[in-house]
Amino acid sequence: MELTFYVAAAVAVAATLLVITCYNLIHALLYLVVSFLAISVVFFTLGAPFMAALEIIIYAGAIVVLIIFVIMMLNLTYEDVQHEKQWLTPGVWVGPAILCLVLFGELIYIVTTDNTAASAVRAVDAKAVGLSLYGPYVLGVELSGMLLMAGIVGAYHLGRQKKKVIHRFLEQEAAA
């Protein structure tokens with residue numbers, strides 16, 4: 001069980017580094033999903049299957065869909081769409097697919113083997129997670145929510161197109 005933890009942690013670190021270093025937003029988004037899945041496997045190996053499920057549902061599902069909506073709101077031009085088609089070649093999927101295969105192999109190993117070492121880890125149930133999130137850690141939950149909202153508003157502000165102001169004399173020359 002320790003080996004699966006370390007492999008998942010290495011995949012999470014590698015995917016997170018690729019999120020930070022990728023210039024293209026779509027590529028970084030793919031690695032971000034892999035990072036969330038790897039962290040989910042880490043939670044599962046630590047005996048927190050509820051947190052693992054929340055990691056997949058909330059982060060890998062909802063937040064990634066939210067990022068895709070923000071990208072769609074940026075009002076892309078035809079040239080931007082053509083650039084995206086060039087960026088999403090089949091070679092782009094190789095890195096995230098390999099990392100996902102490693103994680104999938106780990107999950108199959110965890111599910112199919114008898115985990116006597118895992119029984120030493122105390123499982124955390126949903127009630128304990130809820131009491132912790134809305135108890136002593138409510139400030140952290142609220143701050144992370146505000147950070148996410150600030151990120152969305154900032155992305156919208158950076159992505160909106162500014163109105164071009166042309167001097168009236170230049171407008172007359174352009175019209176002629």
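Model, not experiment: these values are computed from the prediction. Residues: numbered from 1 along the sequence shown. Reckoned from all heavy atoms, side chains included, excluding hydrogens, waters and symmetry mates.
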Does any non-hydrogen side-chain atom of Thr4 lie less than 4.5 Å from one of Val41? no
So, taking the atom named CE in Met51 and the one named CG in Leu133, what distance separates them when rounded to the nearest 0.5 Å? 6.5 Å
Of all pairs that satisfy ring pair (Phe, Tyr, Trp, His ring centres under 6.0 Å), the ones with a partner from residues 28-62, not counting sequence neighbours: Phe36-Tyr59
As an exercise, state the distance from CG of Leu99 to CG of Leu18, rounded to the nearest 0.5 Å. 7.5 Å
Can you measure from OG (Ser132) to NZ (Lys127) and round to the nearest 0.5 angstrom? 12.0 Å
Between Val11 and Val34, does a side chain to side chain contact (heavy atoms under 4.5 Å, CB included) hold up when you go through it step by step? CA-CA 8 Å; Val11 168; Val34 172; 4.2 Å; yes
Grouping ILVMFWY residues whenever side-chain heavy atoms fall under 4.5 Å, the cluster of Ile20 otherwise contains none
List the atom pairs, with distances to 0.1 Å, where a side-chain N or O of residues 145-154 and a protein N or O form a donor-acceptor pair under 3.5 Å, not counting sequence neighbours.
none

Could you report the tightest heavy-atom contact between Ile108 and Thr112, atom names first, then the distance? O-OG1, 2.7 Å
Determine whether Val141 and Ile39 fall in the same hydrophobic cluster, where Ile, Leu, Val, Met, Phe, Trp and Tyr are linked whenever their side-chain heavy atoms lie under 4.5 Å apart. yes
Rounded to the nearest 0.5 Å, how far apart are SG of Cys22 and CG of Leu17? 10.5 Å
Do the side chain of Glu106 and the main chain of Ala8 share a donor and acceptor less than 3.5 angstrom apart? yes
Measuring only between side-chain heavy atoms, which start at C-beta, is Cys100 closer than 4.5 Å to Leu37? yes
Candidate pair Val7 and Val102, rule side chain to side chain contact (heavy atoms under 4.5 Å, CB included), full reasoning: CA-CA 8 Å; Val7 171; Val102 170; 3.6 Å; yes
In this structure, would Val42 and Tyr6 fall into the same cluster of hydrophobic residues linked by side-chain contacts under 4.5 Å? yes
To the nearest 0.5 Å, tell me how far Ser35 OG sits from Leu103 CG. 9.5 Å
Applying a strict under-4.5 Å side-chain criterion to I, L, V, M, F, W and Y, I'd like to know whether Leu3 and Leu107 cluster together. yes
